[in-house]
Trainee: 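The structure under discussion is supplied below as structure tokens; questions concerning it will follow.
Worth knowing before you read on, the calculation uses all heavy atoms, side chains too, and leaves out hydrogens, waters and symmetry mates. Throughout, residue positions are numbered sequentially from 1 according to the sequence presented.
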Amino acid sequence: MTFVDEATTTVSSGGQATRLYRAGEGPPVVVLHGWGGRIESMAPVLRCLGDGGWRVVALDLPGFGESSAPAGVWGTADYAAFVRDVLAGEGVTRAHFVGHSYGAKTALYLAASSRDLVDKLVLVGSSGLRGAPSAKVRAKRAAGKVARAAGRLGPPGRALRGAIHDRIASDDYKQAGAMREILVKVVNEDLSNLLPQIAASTLLVWGTEDDAVPVAHAQAMERAIPDAGLVLFEGAGHFAYLDEPDRFCTIVRHFLGEPGE
């Protein structure tokens, strides 16, 4: 049994069950994992904050880890509302947030829509913006059009369509299963209009070799969020907090300050 297992329980909000992690005492910090992750994905962050005198709260977002998939096609607003309701059940009315990838996007949404809830905000490789498509993306879209046309040509065409889709689909899409419609919905959401509404002091942490969310998105977020700073981890990828866990811990603790400050 790991330290994560020892601190988890199951809670429910609005009929949706989730696995919740609680550890430590002090001011609350909420930690949200990325798409396809689970509480354990953030283990180094949980240790860092728990050892630093914080009350750490984390959860398996619905559809991931040991949490059941949502009923219906949720978007980021739904995930944010669920997190907010779970925290209310835990008596958390204001907290710092640390999120990775889609968890960061959810925290970003909360910081803009529930400003009183979010104190300081740490976003690691956050999704949330839609930029101009790369040449690779444009090529995939062109192939997708060919696949749709081929699908109208009977069994051989449908076989070709399937082969093309298998070739161009992302790993997340291939593995999404029952979460596929939700993935398509959240990937197509652009939260850029919400960034100027974020009042929380925001730390952006990005790997320079992030191939899931380009550094250009981090730079755009830094410009649009009123009080934001960007730290780049040279050579790190999308999981910068795992590539350099000690450095990440030091930077985040410094940003959040001493508990109770």
Side-chain angles (χ1 to χ4, degrees), residues 29-37 41-42 44-45 48-49 61 75-77 79-80 83 95-115 118-138 170-172 183 186-257:
V29 180
V30 180
V31 179
L32 300 177
H33 65 76
W35 186 272
S41 305
M42 306 300 290
V45 182
C48 165
L49 297 172
L61 292 172
T76 301
Y79 275 96
V83 171
H96 300 314
F97 279 72
V98 180
H100 173 244
S101 195
Y102 185 66
K105 183 177 183 177
T106 303
L108 186 160
Y109 189 96
L110 282 167
S113 63
S114 300
R115 291 160 53 123
V118 181
D119 192 347
K120 290 184 178 181
L121 180 63
V122 181
L123 305 175
V124 189
S126 178
S127 57
L129 302 186
R130 294 198 68 194
S134 65
K136 183 178 179 180
V137 169
R138 292 196 298 271
S170 69
D171 289 340
D172 280 343
L183 173 62
V186 301
V187 163
N188 284 291
E189 293 173 335
D190 187 340
L191 304 188
S192 57
N193 64 313
L194 297 182
L195 300 182
Q197 301 175 35
I198 295 175
S201 294
T202 302
L203 172 65
L204 303 159
V205 179
W206 240 263
T208 59
E209 303 305 313
D210 190 331
D211 60 358
V213 185
V215 172
H217 285 211
Q219 294 164 336
M221 287 185 179
E222 183 185 23
R223 290 191 297 269
I225 297 172
D227 181 13
L230 171 62
V231 176
L232 295 176
F233 282 21
E234 193 68 35
H238 188 51
F239 291 81
Y241 71 94
L242 290 178
D243 291 337
E244 295 192 58
D246 292 340
R247 182 185 178 198
F248 181 81
C249 181
T250 299
I251 290 172
V252 169
R253 283 189 183 180
H254 179 76
F255 173 69
L256 297 183

Trainee: Please answer whether the main-chain N or O of G103 pairs with a side-chain N or O of W35 as donor and acceptor at a distance below 3.5 Å.
Mentor: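 Looks like no, no N/O pair under 3.5 Å.
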Trainee: Give, for atom CD of E234 and atom CG of D243, the distance between the pair rounded to the nearest 0.5 Å.
Mentor: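 It comes to 12.0 Å.
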Trainee: Output yes when a side-chain donor or acceptor of H33 lies under 3.5 Å from a complementary backbone atom of L61, and no otherwise.
Mentor: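 Side chain of H33 to backbone of L61, a donor-acceptor pair under 3.5 Å: yes, one is there.
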Trainee: With distance as the sole test, does T208 use its side chain to make a donor-acceptor pair with the main-chain N or O of G235 at under 3.5 Å?
Mentor: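 Yes: the side chain of T208 pairs with the backbone of G235.
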Trainee: Quick one: CG on L123 to CG on L204, what's the gap to the nearest 0.5 Å?
Mentor: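 Nearest 0.5 Å value for the CG-CG distance: 5.5 Å.
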Trainee: Would K105 and E189 pass as an ion pair if we require N to O under 4.0 Å?
Mentor: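 Salt bridge between K105 and E189, a charged N being under 4.0 Å from a carboxylate O: yes.
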Trainee: For C48, is there any backbone N or O sitting under 3.5 Å from a side-chain donor or acceptor partner on R253?
Mentor: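 Judged by distance alone, yes, a pair lies under 3.5 Å.
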Trainee: Can any side-chain N or O of D210 pair as donor or acceptor with the backbone N or O of A236 at less than 3.5 Å?
Mentor: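 Flag not set: sc D210 to bb A236 has no pair under 3.5 Å.
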Trainee: Establish, yes or no, whether the cationic atom of K120 lies under 6.0 Å from the six-membered ring centre of F97 and within 45° of the ring axis.
Mentor: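 Checked: cation-pi criterion not met.
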Trainee: Tell me whether the centres of the aromatic rings in Y109 and Y79 are closer together than 6.0 Å.
Mentor: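 No, ring centres 6.0 Å or more apart.
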Trainee: Over all heavy atoms of both residues, which pair between S126 and L108 is shortest? Give the atoms and the distance, please.
Mentor: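 For S126 versus L108, the nearest heavy atoms are OG-CD1, 4.1 Å.
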Trainee: Minimum heavy-atom separation for I198 to P226, with atom names?
Mentor: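 That closest heavy-atom pairing would be O-CD, 3.4 Å.
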Trainee: Considering non-hydrogen atoms only, spot the tightest contact between E222 and G229 and give its length.
Mentor: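 Between these two residues, the closest heavy atoms are OE2-CA, 3.8 Å.
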Trainee: Ignoring hydrogens and geometry beyond distance, is a side-chain donor-acceptor pair present between S101 and H238 at under 3.5 Å?
Mentor: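 Side-chain D/A pair, S101 to H238: present.
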Trainee: For the side chain of T202 and the backbone of A200, is there at least one donor-acceptor N/O pair under 3.5 Å apart?
Mentor: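 Yes; judged by distance alone, with no hydrogens or angles, the pair exists.
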Trainee: Hey, what do you get for CG (L230) to CD (Q219), rounding to the nearest 0.5 Å?
Mentor: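 Here the interatomic distance stands at 6.5 Å.
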